[in-house]
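Worksheet for the structure shown next.
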Amino acid sequence: MPRPARRVVSLVPSLTESVAATRPDALVGATDWCTHPAGLKVDRVRGTKNPNLVAITALQPDLVLANQEENRRKDVDTLRAAGIPVWVTVVRSLTDAFTSLRRMFTDALQWPVPAWLAEAERAWQRPSPVAVPAVIPIWRDPWMVVGSHTFTGDLAARLGLHNVYGDSPHRYPHVELGDIHRYHPELVVLPDEPYRFTPADGPEAFPGSRVVLVDGRSLTWYGPSLLTASERLPSQLGLR
């Protein structure tokens, strides 16, 4: 990058919110899934898995932000081949998130580290309480749960949850509902994304367990949401 970024396209909701909370005028494009901050007015470039590469190119960004898990390698390669720099994050833990965001701001965007990031780091510097056996489904029909080496799993552990699938060889294993029941989890955490669990869709599958519906953004996004998540999630989960 020959200079600090002045035009940015983000293909990751967490990173879109991170840029918008720091230098909103620099954000010129985002995906249809980028819902925060509310009322975001930028050009939309379709989804994370099917971005409109022609539209992105037309925006003449100094930098495109992507993520290894959320975006496709071929789209990144196509943009780079067109001469557009693409910064790809890899985030599988809370520590990864803080390190990656700092590098994105300082190395890629060439901006100062924003105050909200330093505040979020301080908010999560606390010891984990006693672990509560828990499972975190992210999809149903087929059922999928949070497994090993994920940001969500690490964040859950920091909150005091013991993910019963934390030793799985897979990051998001497909499981049978009966298999979940055999673990007898004390707590079932149902986020509203990527699958939109609701009071009428999800809790009925787990009789005998305490079921809590949570804001998926608090549990799965890394960015300014980490500030509110540090207070909201423990309260929602009954951990304080």
Would a distance-only check, ignoring hydrogens and angles, find a side-chain to backbone donor-acceptor pair under 3.5 Å from [X] to [Y]?
X      : Y     : answer
Asn71  : Asn67 : yes
Asp62  : Arg6  : yes
Ser100 : Ala97 : no

Check this for me: Arg44, atom CZ, are more than 12 non-hydrogen atoms of other residues, nucleotides or ligands nearer than 6.0 Å?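 Yes, the 6.0 Å shell around CZ holds more than 12 heavy atoms from other groups.
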
| said: Are more than 12 heavy atoms, taken from residues, nucleotides or ligands other than Arg196, located less than 6.0 Å from that residue's CZ atom? | reply: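 Check fails, neighbour count at 12 or below.
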
**OP:** Could you tell me if the ring centre of Trp143 sits under 6.0 Å from that of Phe206?
**Re:**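 When the ring centroids of Trp143 and Phe206 are compared, they turn out to be within the sub-6.0 Å range.
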
Check whether any side-chain heavy atom of [X] lies under 4.5 Å from a side-chain heavy atom of [Y], and answer yes or no.
X      : Y      : answer
Val113 : Thr106 : yes
Asp75  : Pro51  : yes
Leu27  : Ser10  : yes

Can you pull the ring-ring contact (aromatic ring centres under 6.0 Å, His included) pairs that have at least one residue in [range], sequence neighbours excluded?
range          : value
residues 56-76 : none
residues 55-86 : none
residues 68-98 : none
residues 24-51 : His36-Trp221

Review point. Distance from Leu109 atom CG to Met1 atom CE, nearest 0.5 Å?
Key: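 Those atoms lie 7.0 Å apart.
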
- prompt: After noting the C-alpha distance and the side-chain angles of Arg140 and Asp201, does the key distance pass the salt bridge (charged side-chain N to carboxylate O under 4.0 Å, His left out) rule?
  reply: CA-CA 10 Å; Arg140 71 177 303 176; Asp201 184 0; 2.8 Å; yes

Q. Who passes salt bridge (Lys or Arg N to Asp or Glu O under 4.0 Å) against Arg92, sequence neighbours left out?
A.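 For Arg92, no residue satisfies salt bridge (Lys or Arg N to Asp or Glu O under 4.0 Å) once neighbours in sequence are set aside.
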
* For Ile84, what are the other residues in its hydrophobic cluster, where any two members join if their side-chain heavy atoms are less than 4.5 angstrom apart? ->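 Listed partners: Val9, Leu11, Val28, Val45, Leu53, Ile56, Leu59, Val64, Val76, Leu79, Val86, Val88.
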
### Cation-aromatic face contact Arg23/Trp111, 6.0 Å, 45 degrees
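Yes, cation above the ring, under 6.0 Å and within 45°.
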
query: Does the distance from a Lys or Arg side-chain N to an Asp or Glu carboxylate O, for Arg171 and Glu69, drop under 4.0 Å?
result: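 A salt bridge links Arg171 with Glu69.
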
